[in-house]
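Before any comments, here is the structure.
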Protein chains: 2
Amino acid sequence: MADNLRLDSTDLEILRVLQNDARITNRELAATVGIAASTCLDRVNRMREGGVILGYRLQVSPEALGRPIQAFLTIRAQHRRELLASLAEHIRSQPETRALYHLAGRDDFLVLVAAESVADLQRLVIDELTCRPEITQVQTTLVFQEWEGGPLLPPGARA
Amino acid sequence: MADNLRLDSTDLEILRVLQNDARITNRELAATVGIAASTCLDRVNRMREGGVILGYRLQVSPEALGRPIQAFLTIRAQHRRELLASLAEHIRSQPETRALYHLAGRDDFLVLVAAESVADLQRLVIDELTCRPEITQVQTTLVFQEWEGGPLLPPGARA
DNA sequence: CGTGAAAGTCACCTAGT
DNA sequence: ACTAGGTGACTTTCACG
């Protein structure tokens with residue numbers, strides 16, 4: 001799945017374009033990077049099978065969906081493996097959860113959540129998290145603003 | 001752009017399917033949710049124009065791209081607006097940056113970065129961040145594991 | 001690795017029920 | 001909302017440099 005595929009500059013250009021707009025047609029993509037459509041399709045499929053391209057995701061607006069409050073929750077818990085696994089599963093199953101990270105450091109988990117309201121955030125923290133015995137601390141930090149990074153490319157990528 | 005569009009259960013089903021695979025054809029999508037293709041296209045376009053659907057993004061593997069080290073950087077800085085804006089721009093322009101968040105709390109920024117190596121991470125922190133005068137503190141936390149949340153849906157969504 | 005052609009599919013528009 | 005027809009663009013395969 002995660003082969004180390006060799007990527008030339010054309011592959012990188014494809015990745016760059018697709019990360020900006022994944023719904024571009026293969027023809028347009030091929031024209032943009034300067035190769036034939038069939039060749040372009042080959043390259044995309046190879047990167048897909050090679051694990052470089054994981055999938056195509058819809059980007060939705062949390063605000064437009066009625067979840068205007070975003071926050072990071074830092075969670076400290078007991079370090080027994082089976083507790084951590086089931087805790088992670090519980091966090092991921094919450095509808096507010098957008099992403100979950102297991103961290104090295106004082107805090108064990110970092111969760112990005114999108115909540116309907118401050119009250120919903122409070123309920124999430126108190127009723128779903130701090131009530132669990134394996135959790136020793138939860139800290140909530142509101143997100144003022146969120147930016148996505150540019151296209152992710154290999155180190156040393158030029159063109 | 002961010003109208004409050006009314007979404008019925010069919011719209012939610014569309015969002016759910018598209019968040020799993022945004023490259024599905026409109027015909028397949030329509031068949032999956034049980035409506036006609038033309039209607040389905042209408043609904044998707046309406047959600048796109050209504051700001052619910054922001055775009056279609058390629059999901060790439062940082063490891064497969066040669067960036068196996070992921071970390072969160074928490075940054076404290078001086079709070080003058082123009083300093084924060086230019087600092088945010090500088091952080092976003094780094095090739096390691098995957099996402100940037102402006103926070104309410106002791107820390108001003110949280111950055112998710114994907115680095116080539118620990119040395120690269122060190123260079124990023126020291127040469128690009130702590131050297132800047134407006135930054136007062138940077139804390140680095142390694143990411144052991146990352147999970148994406150399920151599809152993001154409106155509060156109270158059932159089917 | 002690249003191309004061009006050909007077949008099948010799809011998006012998209014229009015109009016009618 | 002669905003159906004149906006029609007056009008042009010698209011994906012995908014294949015034989016071939």
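Since the model is a prediction, treat every value here as computed from it, not as a measurement. All chains are named by letter (A, B, ...) in the order of the sequence lines, taking the proteins before the strands, and each is independently numbered beginning at 1.
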Interatomic distance, A:Asn26 CG vs C:dC10 P [rounded to whole Å]:
16 Å
Between C1' on C:dT3 and CG on A:Asp42, what's the gap in Å once rounded to a whole number?
11 Å
Distances under 3.5 Å only, N/O to N/O: pair up the protein atoms with those of nucleotides 4-6 of chain C.
| unit_1 | atom_1 | unit_2 | atom_2 | d |
| --- | --- | --- | --- | --- |
| C:dG4 | O6 | A:Ser38 | OG | 3.0 |

Under the ring pair (Phe, Tyr, Trp, His ring centres under 6.0 Å) rule, what pairs show up with a residue in residues 87-129 of chain A, not counting sequence neighbours?
A:Tyr101-B:Phe72, A:His102-A:Phe109, A:His102-B:Phe144
B:Asp107 with B:Arg76: basic N within carboxylate O range, under 4.0 Å:
yes
Any side-chain to backbone donor/acceptor pair from A:Asn26 onto A:Ala37? Under 3.5 Å, distance only.
yes
Exam field: side chain A:Thr130 to backbone A:Ile126, donor-acceptor pair closer than 3.5 Å:
yes
Looking at B:Arg123 and B:Glu96, is there a salt bridge between them, counting it only when a charged N and a carboxylate O are closer than 4.0 Å?
yes
Taken to the nearest whole Å, CD1/A:Ile24 to P/C:dA11 is 17 Å
Spacing between A:Asp11 atom CG and C:dG2 atom C1', to the nearest angstrom:
14 Å
When you compare the side chains of B:Gln70 and B:Arg98, does any donor N or O come within less than 3.5 Å of an acceptor on the partner?
yes
With rounding to the nearest 0.5 angstrom, report the CG to CG distance, A:Leu112 to A:Leu100.
10.5 Å
Residue whose closest nucleotide on DNA chain D lies nearer the 5' end, A:Asn45 versus A:Glu28:
A:Glu28
Which two nucleotides bound the region of DNA chain D that has atoms under 4.0 Å from heavy atoms of chain A, read 5' to 3'?
D:dC10 to D:dT13
Nearest heavy-atom approach of B:Leu73 to B:Leu124 is CD1-CD2, 4.2 Å
State which residues pass salt bridge (charged side-chain N to carboxylate O under 4.0 Å, His left out) with A:Arg23; sequence neighbours excluded, sorted by chain then number.
none
Are OP1 or OP2 of C:dG2 and a side-chain N or O of A:Arg43 less than 4.0 angstrom apart?
yes
What is the distance, rounded to the nearest whole Å, between atom CD1 of A:Ile14 and atom P of C:dC1?
12 Å
Can you give the dot-bracket line for DNA chain C, where a pair is Watson-Crick or G-U wobble with both atom distances under 3.5 Å, crossing pairs use [ ], and | marks a partner on another strand?
.||||||||||||||||
Would you give the length of the straight line joining atom CG of B:Leu142 to atom CG of A:Leu103, rounded to the nearest 0.5 angstrom?
8.5 Å
Return the set of residues passing salt bridge (charged side-chain N to carboxylate O under 4.0 Å, His left out) with B:Arg43 (not counting sequence neighbours), or none when no residue passes.
B:Asp8, B:Asp11
